[in-house]
Amino acid sequence: MIFIAVRFTVRPDRADHWLDLVDEFTRATRAEPGNLFFDWSRSVDDPNVFVLLEAFADAEAGAAHVASEHFTAGLSAMADAIAATPEIINVEVPQQGWGAMAELAPTGD
């Protein structure tokens with residue numbers, strides 16, 4: 001699986017509308033056959049920072065994503081709203097999707 005984490009610093013005047021701005025891009029990416037997950041989070045320390053965790057089944061699925069029309073349109077829409085160049089981690093991992101955490105499980109009822 002290709003695992004990608006991207007940190008976006010958004011202009012303060014655009015931060016409250018960021019998820020609306022990326023909604024179409026998010027929905028289109030989640031519909032891709034090779035997409036395993038595509039999840040946004042907002043920083044609890046800085047409301048202008050959003051983190052995207054995404055994964056694709058393999059390199060071919062990742063390449064198809066980058067070649068898609070919604071990828072190009074999404075980047076274009078984001079360019080006017082970001083305050084800095086996004087930071088990225090992109091790695092290949094030997095699993096498909098999330099696994100269970102061995103060190104923690106729910107207790108009680």
### Query
How about Phe25 and Trp40: are their ring centroids closer than 6.0 Å?
no
### Query
Are Val93 and Ile2 joined in one hydrophobic group, where the rule is that I, L, V, M, F, W and Y side chains link up if heavy atoms are under 4.5 Å apart?
no
### Task
Would you name the heavy atoms of Ser68 and His65 that are closest together and state the gap between them?
OG-O, 2.7 Å
### Message
Looking at every non-hydrogen atom in both residues, tell me the closest pair between Ala5 and Leu53 and how far apart they are.
### Response
CB-CD2, 3.7 Å
### Query
Is the closest basic N to carboxylate O distance between Arg7 and Asp46 below 4.0 Å?
no
### Task
Look only at the side chain of Gln96 and the backbone of Ala57, and say whether a donor-acceptor pair between them is shorter than 3.5 Å.
yes
### Task
Taking the side chain as every heavy atom from C-beta outward, state whether Ile4 and Phe38 have any pair of such atoms under 4.5 Å apart.
no
### Message
Could you walk me through whether Phe8 and Val49 satisfy the side chain to side chain contact (heavy atoms under 4.5 Å, CB included) test, starting with their C-alpha distance in whole Å, then the side-chain angles of each, then the deciding distance to 0.1 Å, before giving a yes or no?
### Response
CA-CA 6 Å; Phe8 295 84; Val49 173; over 6 Å; no
### Lys/Arg N to Asp/Glu carboxylate O, Asp16 vs Arg42, below 4.0 Å
yes
### Task
Could you check if a side-chain atom of Phe56 sits within less than 4.5 angstrom of a side-chain atom of Thr29, using non-hydrogen atoms only?
yes
#### Entry: Within 6.0 angstrom of Glu69 CD, more than 12 heavy atoms from elsewhere
no
### Query
If you take all heavy atoms of Ser43 and Asp45, which pair is closest and at what distance?
OG-N, 3.0 Å
